[in-house]
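In what follows, a structure is listed as structure tokens, so that the remarks can point back to it.
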Amino acid sequence: MDKAYDPKAIEETIYNQWEEKNYFASNAVNQEGQDSYCIMIPPPNVTGSLHMGHAFQHTIMDALTRYHRMKGDNALWQPGTDHAGIATQMVVERLLGAEGVSRHDLGREKFIDKVWEWKEQSGGTITQQMRRLGDSCDWGREAFTMDEDLSGAVLEVFVQLYEEGLIYRGQRLVNWDPKLLTAVSDLEVESEEENGHLWHLRYPLADGSGHLVVATTRPETMLGDTAVAVHPEDERYAHLVGKMIKLPLTDREIPIITDDYVEKDFGSGCVKITPAHDFNDYEMGKRHDLPLINILTDTAHINNNAPEAYQGLERYEARKKIIADFEALDLLEKIEPHKLKVPRGDRSGVVVEPYLTDQWYVKIAPLAEPALKAVKDGDIKFVPENWSNTYYHWMENIQDWCISRQLWWGHQIPAWYDNDGKVYVGRTEEEVRAKHDLGDIELRRDQDVLDTWFSSALWPFATLGWPEKKPELDTFLPTNVLVTGFDIIFFWVARMIMMGLKFTGKVPFKEIYITGLIRDEQGQKMSKSKGNVLDPIDLIDGIGIDDLVAKRTYGMQQDRESDKAKITKRTRKQFPEGIESYGTDAMRFTFCAMASTSRDINFDLNRVEGYRNFCNKIWNAARYVLMNTEEQDTGLGSEEKVLSVADRWIISELQGTITEFESAVAQYRFDIAANALYEFTWNTYCDWYLELSKPILYGDDYSEAEKRGTRHTLVTILEQLLRLLHPFMPFITEEVWQKVAPLAGANGDSIMLQAFPTSDEAKIDKQAEADIEWLKTVIVGIRNIRGEMNIAPGKPINSLFKNGSVQDKERLNAYTNFLGKLAKLESIKWVQDDETTPMSATALAGQMEILIPMAGLIDVEQEMSRLTKEIEKLTKEQSRISGKLSNPNFTDKAPEAVVAKERAKLEEIESTLSKINEQIQSLKTL
RNA sequence: GGGUGGUUAGCUCAGUUGGGAGAGCAUCGCCCUUACAAGGCGAGGGUCACUGGUUCGAGCCCAGUACCACCCA
């Protein structure tokens, strides 16, 4: 083995072998006595590439899948990708645009062919990247939301919902994206606060007796006003209610009405009502039976319903002209600066318009009710639990879902119209004709496609074969857990629950593990425009600084030169040498270690570096073990093995680590699980056990049976540890296991098919734990003296032990070898309590004094200051505890055990203090 | 406006039922000891945001305040 771990040398080869040998495959039916374990991947956009969020969630999903596979479950991690309607269509349109071609030049069919071409070309990127992460998905089952099977499921669901009256077509206000020319759902609109204005406009009364002032943030919509409203209890305007307004710039008269919705204190207390261009006004219009006047085209230009002077103007041009005209008529009272929430399309970034159109909707209330109940009844559990409140709140206020999109890429709506505009819904045109006995009259198919999330909502059961009754459906549904981010609870999670319950009668998953969102090390969201994006593949392979800068600034718009410079500067400052190659396992372990319950995870490259070092530690520990066991007797035969106290201790410690790991994973606390592994591997196995094994293996005082016992323990603990680490770090564990397994008596082709280690209470050895605890105290005491006195670690020193108990003496005798080697002691001598001892630096192990004679080694002053420091520490503690114990309230009311513990503590501190004081006295006498 | 989460060491974060403030990285000192300098050994560093309350005892429970972040309207 090389001296340092090199992930590049092994990762891809190992993955290819796993995949070729089909180790990731699940079975359609469980074997006798076997459980199933299933995770559905949140399908990434087919043309996308892997980002840090994916890498994080995939690490969790893969760790769970590998863990359960090793536990013997029939494990299925279902992979696949999403067609991502708007996103993908936009990419292809942009590519065509670069060649000067629009989708309309091509026509629908040819454009869709182009999208498929693009999908073939770039659709493999993300699944290839997933392989780099070590994702053990069942690739044979890979699905795509536009596959024939899934498209069939979409048809079936649409038709059934329509037939039950749960899908309907209706005309109402939708969020209209005037750039993409499609409706979008409420969730696809992002409202940010922006600086705007509040225009106060004078609206004259029709009878010429004066005017009202209305305040608006969108003056151009006044062309579509159909009323002015005041609050019913607003005395200022009570006498005007029922009168008419002469709407400026138009020839229309509109009424003054009252409505509770109006805020008396906002502006003048009078509100213009534009039912066709505002959601609130729309509702008010319905309440008062006001006419709807649509004044916009689908591209947000003024249409022919408005006075001729404004027709054809773009919405913001129209605003300017209208303000100017109001001013000219002396009807502009004032303009105030005003902050307002501006709704923008999450894809296009342009301001969306409330717009009156015909769209398809899902009637959501009947679906939401059982979905709400499933979580309330505990059939589905959110982890962390508090996300269920977010879910409840949204589900209880849920609106009908607009599912039609005016796009070309997606599942075309299975509805046909005859020449009278009558609509027929069915799986195919033939079915529709036959069912409604239409003969061969002319039918025109609805041009719209479905919201991408409509097909995603069916993902858990559609990928398992629904509507066909495939065995997988029974085997894997409900799936065990959904691993996803809180950003798509509404988009995806809620809709899967609704659709799953409706069409399978089962919940789609029993638990939902909501992961945190990966941010940069300063807590900023990673985004292209901020230039702080990290690519998981770059962490694995490394990247030079020039390439990294190029990547972060590539494709930025020309007018953003200053941003580009800023990003370049910052990137070069943060990564002067680029990013090192850390390997997949280090990155995966980092994600696990950072997966606490926090909702934001600030990703810190220093952590990756630390865990890369951890990989190296494992690698070198394995090198040590192999060096001492290869071609030697590791105790696999029938010859006698004697286990040392260290052997019994490390075996005992491993049991606790396994238990801790398993209980942490059961609660999705991967950070706790990762820390338990790290702690055991580094601080227990490497720092102590490997060192303790050396005196036995290298010493002349041990029998072959003892050496055999230690070799056996060395290699079997490592072998188990590798299996324990495998779900988090699949590659290095496989590579090392291949070498170690035969020496530990394990057979098998791959670690990923081995059983997960189990904890055995019978192997817990309290006596060995106590003995090693004692040994560590003594060694650490001596090391402390060395460290504080600047005695080189390699310099052999003499030691004396005094005032110990019978047990101390026994232990000292039994563990002389360990002490000598680990504390680098030249001599160990037990002295009688009354024996005089040379001037020494001292440490305590319980009552036992450890003396390091100072001759030629130690400065008296230095030792004095070391002891004084120790006394200060202890005195502080002493006064705290004695204060506590002298308080009768504490001794009377606190539990007996707590009081006793404090008393014991105090006693120990006091005896330690007096010993140290004695030592100081004896130093002073010199 | 309503809601949720957060505030602990220089940085990134743990802290389970209230009972001796922890880890990693960074810092300082000694060491290239035959697994590992991507390492070993040792050390320093915190008014647990603030105010008040409950309690014998609060990082943890309660009330309020400030600041940060996100979600919904």
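Just so it is clear: chains get the letters A, B, ... in the order the sequence lines come, proteins before strands, and each one is counted from 1. Quick caveat, the model's predicted, so the values are computed rather than measured. Atom set for the values below is all heavy atoms of this structure, side chains included, hydrogens, waters and symmetry mates excluded.
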Practice problem: With K694(A) as the cation and Y624(A) as the aromatic partner, state whether NZ or CZ is under 6.0 Å from the six-membered ring centre and within 45° of the axis. | Solution: yes

Self-check item: Residue list, side-chain hydrogen bond (donor to acceptor under 3.5 Å, both in side chains) with R669(A), at least two apart or on another chain
Solution: D671(A)

With rounding to the closest Å, how many angstrom separate the [atom1] atoms on [N] and [M]?
N       : M       : atom1 : value
rA63(B) : rC72(B) : C1'   : 26 Å
rG42(B) : rG5(B)  : P     : 41 Å
rC61(B) : rG44(B) : P     : 31 Å

Would you indicate what [X] reaches in the nucleic acid, counting non-hydrogen atoms under 4.0 angstrom: base, sugar-phosphate, or nothing?
X       : result
Y698(A) : sugar-phosphate
Y5(A)   : base
R669(A) : sugar-phosphate
P895(A) : base
L690(A) : base
N616(A) : base

Considering just the side-chain nitrogens and oxygens of [X], establish if one lies under 4.0 Å of OP1 or OP2 belonging to [N].
X       : N       : result
N602(A) : rC13(B) : yes
K3(A)   : rG39(B) : no
W682(A) : rA38(B) : no

Quiz item: Any donor-acceptor pair under 3.5 Å joining the side chain of E691(A) to the base of rA35(B)?
Solution: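 Yes.
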
Practice problem: Verify, without hydrogens or angle tests, whether T684(A) (side chain) and T681(A) (backbone) share a donor-acceptor contact under 3.5 angstrom. | Solution: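 No: the side chain of T684(A) does not pair with the backbone of T681(A).
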
Exercise. Sugar-phosphate means primed atoms, P, OP1 and OP2; the rest is base. With that split, encode nucleotides 68-73 of chain B 5' to 3' as B, S or - using protein heavy atoms under 4.0 Å.
Key: -S--SB

Quiz item: Could you state the interatomic distance from CG (N616(A)) to CZ (R623(A)), rounded to the nearest 0.5 Å?
Solution: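 Interatomic distance, N616(A) CG to R623(A) CZ, rounded to 0.5 Å: 9.0 Å.
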
Quiz item: Taking the inter-plane angle between the rings of Y668(A) and Y513(A) on a 0 to 90° scale, is it parallel (under 30°), tilted (30 to 60°) or perpendicular (over 60°)?
Solution: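 Correct class here is parallel.
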
